[in-house]
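Side-chain atoms are counted along with the backbone in the values below, which use heavy atoms only and exclude waters and symmetry mates. Just so it is clear: chains get the letters A, B, ... in the order the sequence lines come, proteins before strands, and each one is counted from 1. Quick caveat: nothing in here was measured; it's all calculated off a predicted structure.
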Number of protein chains: 2
Amino acid sequence: MSEKNQKSALSESGSKPASANVNPKSAQKIRASRKNKFEEEDLLQQLLNGNKTALGRAITLVESNQFSHRKKAQQLLEGALPYSQKSIRIGITGVPGVGKSTFIESFGSYLIEQGKKVAVLAVDPSSSVSHGSILGDKTRMENLVKEENAFIRPSASGSSLGGVAKKTRESIILCEAAGFDVVLIETVGVGQSETTVHSMTDFFLLLKLAGAGDELQGIKRGIIEMADAIVINKADGDNIKAAREAKLEFNRALQLYPSKESGWKPKVALSSALKQTGIDSVWELIKEFEKLGKENGFFLKNRKEQNKFWLLQTINEHLKNRFYQNPVMKNELEIQLKAIENNKITAFAAADLLIEKFENLD
Amino acid sequence: MSEKNQKSALSESGSKPASANVNPKSAQKIRASRKNKFEEEDLLQQLLNGNKTALGRAITLVESNQFSHRKKAQQLLEGALPYSQKSIRIGITGVPGVGKSTFIESFGSYLIEQGKKVAVLAVDPSSSVSHGSILGDKTRMENLVKEENAFIRPSASGSSLGGVAKKTRESIILCEAAGFDVVLIETVGVGQSETTVHSMTDFFLLLKLAGAGDELQGIKRGIIEMADAIVINKADGDNIKAAREAKLEFNRALQLYPSKESGWKPKVALSSALKQTGIDSVWELIKEFEKLGKENGFFLKNRKEQNKFWLLQTINEHLKNRFYQNPVMKNELEIQLKAIENNKITAFAAADLLIEKFENLD
């Protein structure tokens, strides 16, 4: 990418007449470019010093789809990488209404009291439409947002979950380099967003409300299997009995699942974000999880596997896009699907034809 | 593929001197080719007549990796396709020792008594090593194997599950064209083999034994979610009480899962293949499932989606193989993985570099 950019800069200066006297416009450009270079180094330095304004600007660069911004973002990320990796990354999911914002507000404030620096990000693939439905309204976390040691950022927008995921992963690195040692990543259950957040966090927390007895109905496939903890929220007042019963049911359900590679047995906890109860035991759980994972090696192994996953995922998406977004192949695919439906050809023979077509495209 | 073959035939004849007199070797070749053509049409005709020897030969062609066989297989499949699609395809899984062979023997014999023609195939990705561990020993189904209306075939061998899956899918078409109206596809739980069999069948049956109370422990992730029925086998003699308890536990567990797109509520049944009990109710279940699916449209929709799945799956595998099996890319991938591990580069930037490398390979 950086190479391409250099080429375009070269051809630009090449298109201007060579002259012994420096053209005033060029001089201006050179100054601007020197200033930019200085600014980038400065931005990285300020970010590493923990300056939240710098962090915000850096994330804006990472989220930008503009080519020149991407290059700057890449330089920033490379500078930030050696200083990152030191936090714990916690994914938090739960259906709308479960009290995610209130929980994060309480949990984040508690962590800051414990001397932590807390960053809150969000993955919301619907945000390109709704302009950031989660965390968009920062006033929902009115105490946390005032804390010096808290950094809150709404979901990046993007046309695909993959794009949002990439921006969020890069934002995590920047937050960590800025000294935030707990990164909370919130998601609502839109499409595959939980799986995406699970693939970029160390610990995955499912928030639930105590309901009318059939607690497990309506939970999306695979969510329970991903959870390291299920926290039953709003366990206060008249809800306490129902919350305790829900805890029993979830505990029984968790036992039905195969044991996790992490060696961790998922736990169920009760909390009231409103009454500020149970928050400390959630943090104790997470610390216990981290200790186990650092002892048995799973913690670092998992991060390494996540890196590999995102590398391969990005390559695979690209390879598929080249095929499926090609207008000729789109058309051919429709033709073959019709032929399969009419029993004219098997799926495998059709695939062979399509592959041959694709390879002879140019 | 057929085009390539024609090209190579053309270049072959082009390399020989043109002559007015037909060279005796060429004449022999022409006769052999005419004979082959006749034989293929004959093979298809015999297959459509329900000749089991022809079916066996056709499957051997489909399983062959030889290029000339692949071409013949393709012609056979195209001829068979309009006559297929009329059976019900039933996937059967369960750990070794659960009594799959005995169950299939009883179930198959029962179906034949009901006037059905029953084909039994297997998907066993380990069979390239063990030379067909499931169904390899046909004597395990000594009654079924003698039936005129039964056809039993061990698993295709292959270096990849994808290869075995393709051969099995094609064999299903041939069995159906030969008039087999129930196709049973057995698998042991090696790697992703259950998912593979699930993706090529209409109904998925999990065989279980009543155990020591914790029935759900040790079941692989996702298997229960795929099952349309769980049949507790060997529910006879001293086992009956445990089997009934297991039935209760599975019924409770099944309720915890989200409802299926098919609209079908998975059922638990007891059976004793040895005592020939419960076999009829398993068949009743499957008929009920088929009736529901044909009424609500899921049955055909699912087959259509399976066709699309295998088409896309085959294309995607090919696209990935071109990248990941390229020796240059293999090497570059290792380098980038090391760089990511050492915090020199993000997974996304590394992916960009690899993609650029790949696109400039030739």
Side-chain angles (χ1 to χ4, degrees), chain A residues 1 3-4 74 77-78 81-82 84-85 166 169-170 173 214 216-222 224-225 253 255-259 304 306-320 322-324 333 336-337 340-341 343-356 358-359, chain B residues 1 3-4 74 77-78 81-82 84-85 166 169-170 173 214 216-222 224-225 253 255-259 304 306-320 322-324 333 336-337 340-341 343-356 358-359:
Chain A
M1 221 175 240
E3 225 181 4
K4 274 190 196 164
Q74 216 44 66
L77 284 165
E78 272 167 37
L81 260 176
S84 69
Q85 317 282 338
K166 180 183 176 185
R169 284 260 303 174
E170 292 177 340
I173 291 165
D214 51 349
L216 289 139
Q217 289 290 351
I219 293 187
K220 270 164 75 184
R221 280 172 190 239
I224 299 247
E225 288 185 53
Q255 280 165 18
L256 302 182
Y257 287 95
S259 55
K304 200 174 148 183
Q306 287 181 347
N307 277 330
K308 189 169 177 179
F309 168 82
W310 288 103
L311 173 70
L312 302 185
Q313 174 81 358
T314 307
I315 294 170
N316 296 344
E317 279 307 306
H318 172 85
L319 296 175
K320 284 199 249 174
R322 275 193 64 205
F323 186 99
Y324 295 105
L333 186 66
Q336 293 303 329
L337 280 169
I340 293 170
E341 209 177 328
N343 289 326
K344 300 282 185 211
I345 193 167
T346 67
F348 302 105
D352 286 344
L353 286 180
L354 289 169
I355 288 163
E356 211 186 315
F358 181 65
E359 292 189 343
Chain B
M1 221 175 236
E3 224 182 4
K4 273 192 194 164
Q74 216 46 64
L77 284 165
E78 272 167 38
L81 260 177
S84 68
Q85 318 282 338
K166 180 182 177 187
R169 284 262 302 175
E170 292 177 340
I173 291 165
D214 51 348
L216 289 139
Q217 289 289 353
I219 293 187
K220 271 164 73 184
R221 278 172 191 240
I224 300 248
E225 286 186 54
Q255 280 165 17
L256 302 183
Y257 287 94
S259 55
K304 200 174 148 183
Q306 288 181 346
N307 277 331
K308 189 169 177 179
F309 168 81
W310 288 103
L311 173 70
L312 302 184
Q313 173 81 359
T314 308
I315 294 169
N316 295 345
E317 280 306 306
H318 173 85
L319 296 175
K320 285 200 246 171
R322 274 193 64 203
F323 186 99
Y324 294 106
L333 187 65
Q336 293 303 329
L337 281 170
I340 293 170
E341 208 177 327
N343 288 327
K344 300 282 185 212
I345 193 167
T346 67
F348 301 106
D352 286 345
L353 286 180
L354 288 170
I355 289 164
E356 209 185 318
F358 181 64
E359 292 188 345

Under a 4.5 Å cut-off applied to non-hydrogen side-chain atoms, are B/Asn307 and A/Glu341 in contact?
no
Between B/Glu359 and A/Arg322 the two heavy atoms that sit nearest each other are OE2-CD, 3.1 Å
Taking all heavy atoms of B/Lys166 and all of A/Asp352, pick out the closest pair and write down the distance.
NZ-OD2, 4.3 Å
Give, as side chain, backbone, both or neither, the part of A/Leu312 having an atom under 4.5 angstrom from any heavy atom of chain B.
both
Using non-hydrogen atoms and a 4.5 Å limit, figure out which bit of A/Ile355 sits close to chain B: side chain, backbone, both or neither.
side chain
Of all heavy-atom pairs between B/Ala347 and A/Leu311, which one has the smallest distance, and what is that distance?
O-CD1, 3.4 Å
Contact between A/Thr346 and B/Gln74 at the side-chain level, heavy atoms closer than 4.5 Å - yes or no?
yes
Comparing B/His318, B/Glu78, B/Gln306, B/Arg169 against chain A, the one with the most heavy-atom pairs below 4.5 Å turns out to be B/His318
A/Lys320 versus chain B, the contacting section by heavy-atom distance below 4.5 Å
both
Chain B: which of A/Asn316, A/Leu77, A/Ile345, A/Leu333 shares the most heavy-atom pairs with it under 4.5 Å?
A/Asn316
Heavy-atom contact with chain B under 4.5 Å, split by part of A/Tyr324:
side chain
Largest heavy-atom contact set with chain B, pairs under 4.5 Å, which of A/Phe309, A/Phe323, A/Phe348:
A/Phe348
Separation between CD1 (A/Ile340) and NZ (B/Lys304), nearest 0.5 Å, reads 11.0 Å
Chain B contact via A/Ile315 - side chain, backbone, both or neither, heavy atoms under 4.5 Å:
both
Counting heavy-atom pairs under 4.5 Å with chain A, which one of B/Leu354, B/Ile173, B/Leu319 comes out on top?
B/Leu319
